[in-house]
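Everything quoted here is computed from the prediction, not taken from an experiment. Reckoned from all heavy atoms, side chains included, excluding hydrogens, waters and symmetry mates. Chain A is the first sequence line, chain B the second, and so forth, proteins listed ahead of strands; every chain is numbered from 1.
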Number of protein chains: 2
Amino acid sequence: MTTTDIVNRLRIWAADGSKAERRLAEIILSDIEYASRAPIADLALRAGVSEPTVTRFCRSLGCEGVREFKFKLAQVLAIGGLYLFPEPLVRDERDARVVDAVADGAAAAIQRARDTTDMSTVNAVAEMAVNAGQICVFGSGGVSSLGAVEMQNRLFRLGLSVVAHTDGQMQRMQSAVCDKKSLVFAISASGQATSIIESVRVARQYGARTVAITNPGSDLAKEAEVCLPFVIAPDTQLYKPTAGRYSLLFIIDLIAMTTAEMIGPSVLEGLRRIRISLSGLNMSDPGRPVGD
Amino acid sequence: MTTTDIVNRLRIWAADGSKAERRLAEIILSDIEYASRAPIADLALRAGVSEPTVTRFCRSLGCEGVREFKFKLAQVLAIGGLYLFPEPLVRDERDARVVDAVADGAAAAIQRARDTTDMSTVNAVAEMAVNAGQICVFGSGGVSSLGAVEMQNRLFRLGLSVVAHTDGQMQRMQSAVCDKKSLVFAISASGQATSIIESVRVARQYGARTVAITNPGSDLAKEAEVCLPFVIAPDTQLYKPTAGRYSLLFIIDLIAMTTAEMIGPSVLEGLRRIRISLSGLNMSDPGRPVGD
DNA sequence: AGGCAAAATGTAAAAAAGCAACATAAAATT
DNA sequence: AATTTTATGTTGCTTTTTTACATTTTGCCT
């Protein structure tokens, strides 16, 4: 998969595109809600370009035409929320640099995860999760322990029995009481965390199924039954935020979502209604921004 | 105002509507993906009705026209989950959709945080952090508590004295021992979490400086000295990718990075020590692994 | 049953939106 | 400066949606 999401592509075009493309991208980004509903004539007028330019722009963004472009924008709005940007913030160069650095890093991390994550593996993992009697999530270190807790959080909401351990001793103890019905998620960016490697080995001895979210070449990856690649690019600046967090979050989102879908429509139908009613999607008041 | 989403209304029509409406509703429900993209001529043909009937049908469903109807269908597809798809749909397509949904949502959330976060506020907050004697981070709820821990993680690495509490009682206790040198970060998606609001109030009474990362209109926002906008509807994240997570992470990244830059080179020394201490522990002491 | 109003649906033509083909302008390259 | 390439605009055509009106169906009353 080499595709980027539209928002990202729009941003790229807003920076790198030609004159007309830049103006268009800016107009669209500044008000996605509007852009997703307006006819291209309006859009063209606002951006000061001609209508076919809009069509061409959509195509160069990877869409089949304007319709598909709007379709995707609508979906972005649905998931990301309805946001209006009345007055774009003006920043000085220094501030913009920081914001861009972080945002670009985050976007790149998600992109990377998106490109390297194999959905058939995710599906297999989700199936394990659905059939597991008990799910244990092990993670340690800044990013990975955060991921472990997050995974617990997500799966717990689906009614699954799940526990996360970020402490090495607890991980060992937990793995010692695993059985054939157990599923172990082992999260480690390095894939070298000893307590996690050992916990996986022990859990496996007791018949548990094991999934590693880690560096594919690492010891942990070898130890586990299944591996979902999670690689953190080494950061040049030490104090710079580790964009890898976003990758991990993304992978966890994928697993949680796939698992949710697999659990079954009956449960989800209710949840979907709740969400939609809360999100105000059904409201005929499009100007109102809603959160996500 | 309608209280049900389109899919529900479609189901109602499929059961109660007139002949043509029933057929239409069935066709649409049987393949929402198709219906959301196909021209009404196709739809009309499939359902064996005339084109204006489709338009009228959309109107009676509360939409302004066919376009808006399709717009909403697109959003339902993004939000509502894959079980809305007809069975014969290929696996790959479903997979691609999950990935797209999560990635697009994440990207949109980051994009939005990027555009709405005011760097002058972040700079001010960073300066508070640098000058604080003690930093407390309070958060509760899935996303916010995660954010609190993450904030602790990040600021700790910069050599700052920081503690995170996700427990209401601990938050109160902590706030009771705040003083003029204290800085409190209060993270809450809703901005209504009572323990956090009260903790902020108490801490402020003792002279602490307070920063809320929350819904700008909320009680918490009013209580705190500074507010960084972070909006997320509380209960919508039942099973869907909560794009808001990415926003929060992004905001935290900005704060941490800005703070780091403000502290300057001395930060690097602290980080270097952490890294050394971790690499030493990594292999030799399995009880305290690192996985960063 | 037959007839009549009301609702539902269909037909055909107009309006709107999107697009393709070609023309022109800008830019890069030589 | 000439030439090629690329980007953008103009015009008119196609598809899609909608309006206005005609026709059919349905339910109801005598």
What is the first contacted nucleotide of DNA chain D and what is the last, in 5' to 3' order, if contact means an atom lying under 4.0 angstrom from a heavy atom of chain B? D:dT16 to D:dT26

Length of the CZ-P vector between A:Arg22 and C:dA26, whole Å: 16 Å

Before accepting this row, confirm whether a basic side-chain N of the pair B:Glu26/B:Arg22 lies closer than 4.0 Å to the acidic partner's carboxylate O. no

Could B:Arg37 and B:Asp31 be called an ion pair, given the rule that one side-chain N must be under 4.0 Å from one carboxylate O? no

Under the side-chain contact (heavy atoms from CB on, under 4.5 Å) test, which residues partner A:Pro39, sequence neighbours left out? A:Asp42

Can you see whether A:Glu127 engages A:Asn123 through a side-chain donor-acceptor pair at a distance of less than 3.5 angstrom? no

Protein-proximity profile, nucleotides 9-20 of chain C, B/S/- by nucleotide at the 4.0 Å heavy-atom cutoff, equals BBBB----SSSB

CZ on A:Arg114 to CD1 on A:Ile251, rounded to 0.5 Å: 13.5 Å

Run the numbers on B:Glu68 and B:Cys58 for side chain to side chain contact (heavy atoms under 4.5 Å, CB included), then give the verdict. CA-CA 8 Å; B:Glu68 186 181 339; B:Cys58 295; over 6 Å; no

Run the side-chain hydrogen bond (donor to acceptor under 3.5 Å, both in side chains) test against A:Ser60 and tell me which residues pass, sequence neighbours left out. none

Using rotation axes that map the C1' atoms of four end pairs onto the next four (five pairs an end), what angle separates the end axes of the helix from C:dA1-D:dT30 to C:dT30-D:dA1, to 10°? 20°

Consider only side-chain N and O atoms of A:Thr121 and A:Asp118, and report whether a donor and an acceptor are under 3.5 Å apart. yes

Tell me which pairs pass salt bridge (Lys or Arg N to Asp or Glu O under 4.0 Å) where either residue lies in residues 49-67 of chain A, with sequence neighbours left out. none

Short side-chain to backbone donor-acceptor contact, B:Tyr246 and A:Phe250, under 3.5 Å: yes

